[in-house]
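Residue numbers run from 1 in the order of the sequence given.
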Amino acid sequence: WWLHTAIVRTGRLIEQKMSSRIPFTIEELNPFQEWHHHGTSLSLEEASKWARTISKRQNVKTRIRNQEGEVIAIIEP
């Protein structure tokens with residue numbers, strides 16, 4: 001998990017330099033029923049794996065949004 005987070009953070013730095021957005025955002029629903037940004041991914045497959053892992057480990061609902069901000073997947077714990 002730590003390695004994946006480091007890769008995502010590196011991706012964000014590249015994103016800022018290139019002034020383009022990362023295609024997929026992973027968010028979790030916190031106890032206050034607010035969506036919390038958890039990370040980004042260049043790949044839908046990686047975003048889906050990460051969202052499922054977060055959902056299962058933390059027993060929370062997660063979602064994936066595309067570059068336009070549209071919700072493309074919701075994962076239940």
Under the side-chain contact (heavy atoms from CB on, under 4.5 Å) rule, what do H38 and E27 come out as? Steps first, then yes or no, please.
CA-CA 5 Å; H38 210 284; E27 300 174 330; 5.8 Å; no
I54 vs V60, test: side-chain contact (heavy atoms from CB on, under 4.5 Å). Steps then yes/no.
CA-CA 7 Å; I54 294 165; V60 294; 4.3 Å; yes
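The shortest side-chain heavy-atom distance between F24 and I72 falls under the 4.5 Å cut-off.
No continuous path of hydrophobic side-chain contacts links W50 to I74 [ILVMFWY only; heavy atoms under 4.5 Å].
In summary, of the residues considered (V71, I26, T40), a side-chain contact (heavy atoms from CB on, under 4.5 Å) with R65 occurs for V71 alone.
With S55 contributing its side chain and A51 its backbone, the two residues share no donor-acceptor pair below 3.5 Å.
The CG atom of N59 lies 10.5 Å from the CD atom of E76; values are rounded to the nearest 0.5 Å. Taken from CD in E28 to NE2 in H37, the straight-line distance is 11.0 Å, to the nearest 0.5 Å. With rounding to the nearest 0.5 Å, the separation of CD1 in I75 from CD1 in I64 is 4.5 Å.
Scanning for side-chain hydrogen bond (donor to acceptor under 3.5 Å, both in side chains) contacts around Q33 gives an empty result, with sequence neighbours left out.
Heavy-atom minimum distance, S41 versus E46: OG-CB, 3.4 Å.
Residue L29 belongs to a hydrophobic cluster whose other members are W35, with links defined by side-chain heavy atoms closer than 4.5 Å.
Atom CD of E45 has 12 or fewer neighbouring heavy atoms from other residues, nucleotides or ligands inside a 6.0 Å radius.
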